[in-house]
Amino acid sequence: MGAVCMVLASLALAGAYFAYLRAIFKGEVPHPVTIGMWFVWVMLNFLTYREFTSLYARIFTYVQVACISLIMLFTLAYIVKLGWKQVSQIARIDAWDMSMGIGVVIALGYATLAHNPKAENIIAQVVVIPSFVPIAKMSFSRTQRMSQWPWSLGVLAYALQGVVAWPDGFAALVYPGVSLVCHVVVWFGAYRTRNLGGKDAISFSGSGC
């Protein structure tokens, strides 16, 4: 059962990132602040989660590292191509978003001072919650439209990861649990905007992490 859920969770996560890359190739612009925060979080999560979970639970984080690294490269390429000013205008990045991004990255750095893999990992999951605010705000905007597929698949992936991590105890469930809730919020915003937004809404996509 664990092996099957592990494979399905990994495929769903890879599918979420594939759906996001497809949206990028169709002209949607990534949110650089959110993706930057997630990149740091994913790396810290990868280094700590493997210390107290089974092989099946850890494989999910390997897939996530590969996917977020690819997304980060595409994001940097978009910034080089369009310029930071244009990307920040499309993504509606304001001073609050930038302050939050810097704050989250610093907090994630401080999380490593716990010198306890479980504590570091749990702190990282709590700290990363604000990183969803910029993209959640975008998902509920009536003037922006985000693809629902990355978030739908992300919800499925984290739900399955919760099943895989269940035998490893509470600490192993915080990561998929927090990510699941955050993805549901953004998915709901994207769904609501897609169905209620006006015809003049422009297309935009965030990355499910």
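This structure is a prediction, so every number in the text was calculated from the model and none was measured.
- For the residue pair Y20 and H31, the shortest heavy atom distance occurs at OH-N, 4.2 Å.
- Residues V40 and I68 share a single hydrophobic cluster, defined by chaining ILVMFWY side chains whose heavy atoms lie under 4.5 Å apart.
- In this view, W187 and Y191 satisfy the ring pair (Phe, Tyr, Trp, His ring centres under 6.0 Å) rule, not counting sequence neighbours.
- E51 and N121 are not linked by any side-chain donor-acceptor pair at a separation below 3.5 angstrom, with hydrogens and angles left out of the test.
- A distance-only check finds no donor-acceptor pair linking the side chain of E120 to the backbone of T48 [under 3.5 Å].
- A107 approaches V127 most closely through the heavy-atom pair CB-CG1, 3.5 Å.
- By the criterion of side-chain heavy atoms lying less than 4.5 angstrom apart, applied directly or through intervening Ile, Leu, Val, Met, Phe, Trp or Tyr residues, W166 is not grouped with V178; the two fall into different hydrophobic clusters.
- In this structure the side chain of Y17 reaches within 4.5 angstrom of the side chain of I71, judged on heavy atoms.
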- Could you go step by step and tell me if Y175 and L180 meet the side chain to side chain contact (heavy atoms under 4.5 Å, CB included) rule? CA-CA 9 Å; Y175 158 49; L180 174 64; over 6 Å; no

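- Residues satisfying the ring pair (Phe, Tyr, Trp, His ring centres under 6.0 Å) criterion with F52, sequence neighbours excluded, are Y49.
- More than 12 heavy atoms of other residues, nucleotides or ligands lie within 6.0 Å of NZ in K137, so this atom counts as buried by the packing criterion.
- Applying the under-4.5 Å side-chain rule to Ile, Leu, Val, Met, Phe, Trp and Tyr, the cluster around L73 consists of that residue alone.
- The shortest heavy-atom contact between L44 and A124 is CD2-CB, 3.8 Å.
- Considering only residues two or more places apart in sequence or on other chains, F46 meets the ring pair (Phe, Tyr, Trp, His ring centres under 6.0 Å) condition with Y62.
- Counting Ile, Leu, Val, Met, Phe, Trp and Tyr side chains that sit under 4.5 Å apart, directly or through other members, L156 shares a hydrophobic cluster with V4, L8, L160.
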- Might you work through the side chain to side chain contact (heavy atoms under 4.5 Å, CB included) test for L13 and L153, ending with a clear yes or no? CA-CA 7 Å; L13 184 67; L153 290 170; over 6 Å; no

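- Using a 4.5 Å heavy-atom threshold, the side chains of Q161 and V164 count as touching.
- In the hydrophobic clustering of this structure, V128 groups with M98; members are Ile, Leu, Val, Met, Phe, Trp, Tyr whose side-chain heavy atoms approach within less than 4.5 Å, directly or through other members.
- Nearest heavy-atom pair across G154 and A16 is N-CB, 3.9 Å.
- With a 6.0 Å radius and a threshold of 12 heavy atoms from other residues, nucleotides or ligands, Y78 has its OH atom above the threshold.
- Using bins of under 30°, 30° to 60° and over 60° for the plane-to-plane angle, the ring pair F60/Y158 lands in the perpendicular bin.
- M72 places none of its side-chain heavy atoms less than 4.5 Å from the side chain of C67.
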- Message: Could you go through S139 and F132, starting from their C-alpha distance and side-chain angles, then the distance that decides it, and tell me whether this counts as side chain to side chain contact (heavy atoms under 4.5 Å, CB included)?
- Response: CA-CA 10 Å; S139 73; F132 281 84; over 6 Å; no

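- With sequence neighbours left out, F74 forms a ring pair (Phe, Tyr, Trp, His ring centres under 6.0 Å) with F25.
- Residues W149 and R22 are not in side-chain contact: their nearest non-hydrogen atoms beyond the backbone lie 4.5 Å or more apart.
- Residues V63 and W151 share a hydrophobic cluster, clusters being chains of Ile/Leu/Val/Met/Phe/Trp/Tyr side chains in contact below 4.5 Å.
- Between S131 and V104, the shortest heavy-atom contact is N-CG2, 4.3 Å.
- With hydrogens and angles disregarded, a donor-acceptor distance shorter than 3.5 Å links the side chain of T61 to the backbone of R58.
- Between D168 and A57 the shortest heavy-atom distance is OD2-CB, 3.7 Å.
- No chain of hydrophobic side-chain contacts below 4.5 Å, direct or via other Ile, Leu, Val, Met, Phe, Trp or Tyr residues, connects I129 to W38.
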- Task: Check the pair Q64, N45 against side chain to side chain contact (heavy atoms under 4.5 Å, CB included), reporting the backbone distance first and the verdict last.
- Result: CA-CA 10 Å; Q64 190 174 35; N45 185 67; 4.1 Å; yes

